[in-house]
Amino acid sequence: MGEGINGDACLASAPYDHWVMLGPAGGSPRPSARYKHAAQVVQDKLYVVGGSRNGRSLSDVQVFDFRTFTWSALNPTRDSNQLNLENNATGGSFPALAGHSLVKWKNNLVVVAGNTRSLSSSNKVSVWLIDVETNSWSAVDTYGKVPTARGGQSVSLLGSRLLMFGGEDNKRRLLNDIHILDLETMMWEEVKTEKGGPTPRYDHSAAIYADQYLLIFGGSSHSTCFSDFYLLDLQTLEWSQPDTQGAHIAPRSGHAGTLIDENWYIVGGGDNASGATDTIVMNASKFVWSVVTSVSARDPLACEGLILCSTTIDGENFLIAFGGYNGKYSNEIFVLKLKARNLVQPRLLQSPAAAAAAASVTAAYALITATDEKTRDIVATDDFAIKNAQPASSSKKLVAEIDVVNGEKDKLESRLAEVRDENSKLKDKLDLANLSYGELAKELESVQNQLAAEGSRCQKLEVLNPKLLLHVRDWNLLVLWRMSWKYCGIKYLRWNKPWQLLKDKNLGAFGSGWQEVQRSLMMNS
């Protein structure tokens with residue numbers, strides 16, 4: 001982590017892709033240290049709501065102004081026009097909460113769920129509104145199928161709808177259900193999805209990508225931390241677990257995340273043994289993980305229960321982290337100025353074979369892109385060194401490094417060509433298989449038509465002359481009898497018995513024909 005910036009400095013001086021501590025201006029009081037709080041940035045101000053410290057939930061609302069670098073307490077008053085009678089016991093102060101969620105909607109901060117020790121709290125999820133313009137708050141009545149109360153859930157905003165996933169209820173039961181709250185009507189709806197989604201969990205992170213996909217990462221059960229990644233298509237309501245590429249990501253819970261364009265940034269969290277020291281980012285269009293930066297094991301950012309927001313100041317994108325717990329509670333603000341990253345079109349979901357080939361191509365492309373960035377950095381460093389009259393040996397060293405990087409780039413480009421060739425071969429095989437399938441389908445249809453025709457002929461024959469069918473059957477019997485006598489050598493077989501049997505039958509005009517057949521067979525024998 002880099003050195004801190006105090007209130008007399010400018011955020012523009014912060015280095016790219018490195019965390020720095022942001023100290024308030026002189027004399028500005030700091031809020032209480034905490035974790036499991038919630039926060040959002042509204043008009044260059046960071047609003048921090050509630051949290052927990054030493055087992056006690058907090059009810060304050062703290063505000064940090066990025067223009068003046070000062071902290072202040074909001075102290076909102078209760079709006080009597082939107083009073084919820086079930087929460088009257090809290091009086092005029094905002095309820096103490098921990099493990100809740102917070103989103104910005106219109107002029108309001110919407111506070112959802114969380115653990116509260118209020119005696120009047122029900123076993124259903126509660127919703128509160130904080131109006132940042134009127135400095136007032138209200139408890140809101142909701143309708144429909146209100147979900148059970150919980151903490152450690154994730155809440156994501158899509159238009160005017162909140163999507164809530166998972167969490168842990170008041171009886172410590174883990175959940176993996178999905179509920180949607182329409183903020184216009186305050187109506188809850190439970191969403192039933194196809195099987196194959198995440199296992200029940202809490203303290204995970206979630207985000208909405210491209211207004212169509214719900215992303216879920218990490219979290220924990222009561223015994224295990226996860227590093228899995230799931231995607232829910234909000235149109236088909238089908239879960240998938242795409243294969244990810246890039247950096248290896250350790251399991252974590254209690255982390256925080258925020259999505260900027262197609263990049264999903266994750267910071268903090270832990271695995272019950274140690275805190276996560278890396279700040280990671282997933283390219284949500286390519287499912288590629290990479291590490292932005294890392295901190296030491298005892299750094300305040302290597303903690304759980306912190307918050308992560310993003311904002312734009314003077315045209316630069318910043319990540320903002322506050323609070324957390326890693327053996328001690330934190331009340332520090334950290335900022336990270338983000339380096340611009342490439343934007344690409346969303347990746348189409350494909351069949352497993354095509355997706356595997358595409359994943360190999362995108363992974364190779366990501367490596368080549370990273371190599372190109374490293375090359376540009378080295379070239380920029382080389383130009384800077386020349387301008388400052390560095391020794392010739394340094395320039396030669398940099399040139400050698402550039403040659404090495406270019407060699408690696410050539411190898412990666414060769415590998416990329418091989419992957420594309422393999423992808424082309426797979427496509428040819430797929431086309432051949434489709435062609436064979438088409439021919440087999442035609443043959444099957446032809447056989448089915450022939451069977452249908454034969455069946456129709458048999459039905460017509462049976463209707464027209466049922467006695468004729470009987471004659472044909474008896475004729476077959478004679479042929480079989482003749483074959484048994486000829487090939488088995490049964491010399492004592494008396495032919496007059498089967499002939500007499502057939503002769504006695506009422507065969508009409510066909511009766512005289514049997515005698516001719518008998519004489520013919522006896523002469524041949």
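Note that these values count all heavy atoms, side chains included, but never hydrogens, waters or copies made by symmetry.
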Using 30° and 60° as the class limits, which term best fits the ring planes of Phe229 and Phe287: parallel, tilted or perpendicular?
-> tilted

Taking all heavy atoms of Ile216 and all of Ser154, pick out the closest pair and write down the distance.
-> CD1-OG, 4.3 Å

Criterion side chain to side chain donor-acceptor pair (under 3.5 Å) against Ser253, the qualifying member of Ser221, Ser227, Ser220, Ser205 = Ser220

Trp19 and Phe334 aromatic ring geometry - parallel, tilted or perpendicular at 30°/60° bounds | perpendicular

Is the Tyr325 ring parallel, tilted or perpendicular to the Tyr329 ring (thresholds 30°, 60°)?
-> tilted

Is atom CZ of Arg30 surrounded by more than 12 heavy atoms (other residues, nucleotides or ligands) closer than 6.0 Å?
-> yes

Check the angle between the aromatic planes of Phe64 and Phe69 and answer parallel, tilted or perpendicular using the 30° and 60° thresholds.
-> perpendicular

Would you give the length of the straight line joining atom CE of Met21 to atom CG of Leu301, rounded to the nearest 0.5 angstrom?
-> 10.5 Å

Atom pair CD (Gln241) and CG (Asp228), whose distance is rounded to the nearest 0.5 Å | 5.5 Å

Calculate, to the nearest 0.5 Å, the distance between atoms CG and OH belonging to Leu174 and Tyr202 respectively.
-> 7.0 Å

Would you confirm whether Ser240, through its side chain, and Pro242, through its main-chain N or O, come within 3.5 Å as a donor-acceptor pair?
-> no

Separation between CG (Asn283) and CD (Gln245), nearest 0.5 Å, reads 12.0 Å

What do the steps show when you test Ile208 against Leu157 for side chain to side chain contact (heavy atoms under 4.5 Å, CB included), and what is the final call?
-> CA-CA 7 Å; Ile208 298 290; Leu157 180 65; over 6 Å; no

Compute the ring centroids of Tyr47 and Trp137, then answer whether they are less than 6.0 Å apart.
-> no

Taking atom CD of Glu184 as the centre, report whether more than 12 heavy atoms of other residues, nucleotides or ligands fall under 6.0 Å from it.
-> yes

Ion pair Glu422/Lys425, N-O distance below 4.0 Å = no

Trp128 and its side chain to side chain contact (heavy atoms under 4.5 Å, CB included) partner, picked from Leu97, Val112, Val140 | Leu97

Hey, mind stepping through His179 and Gln153 against side chain to side chain contact (heavy atoms under 4.5 Å, CB included) and telling me if it holds?
-> CA-CA 11 Å; His179 297 265; Gln153 69 290 324; over 6 Å; no

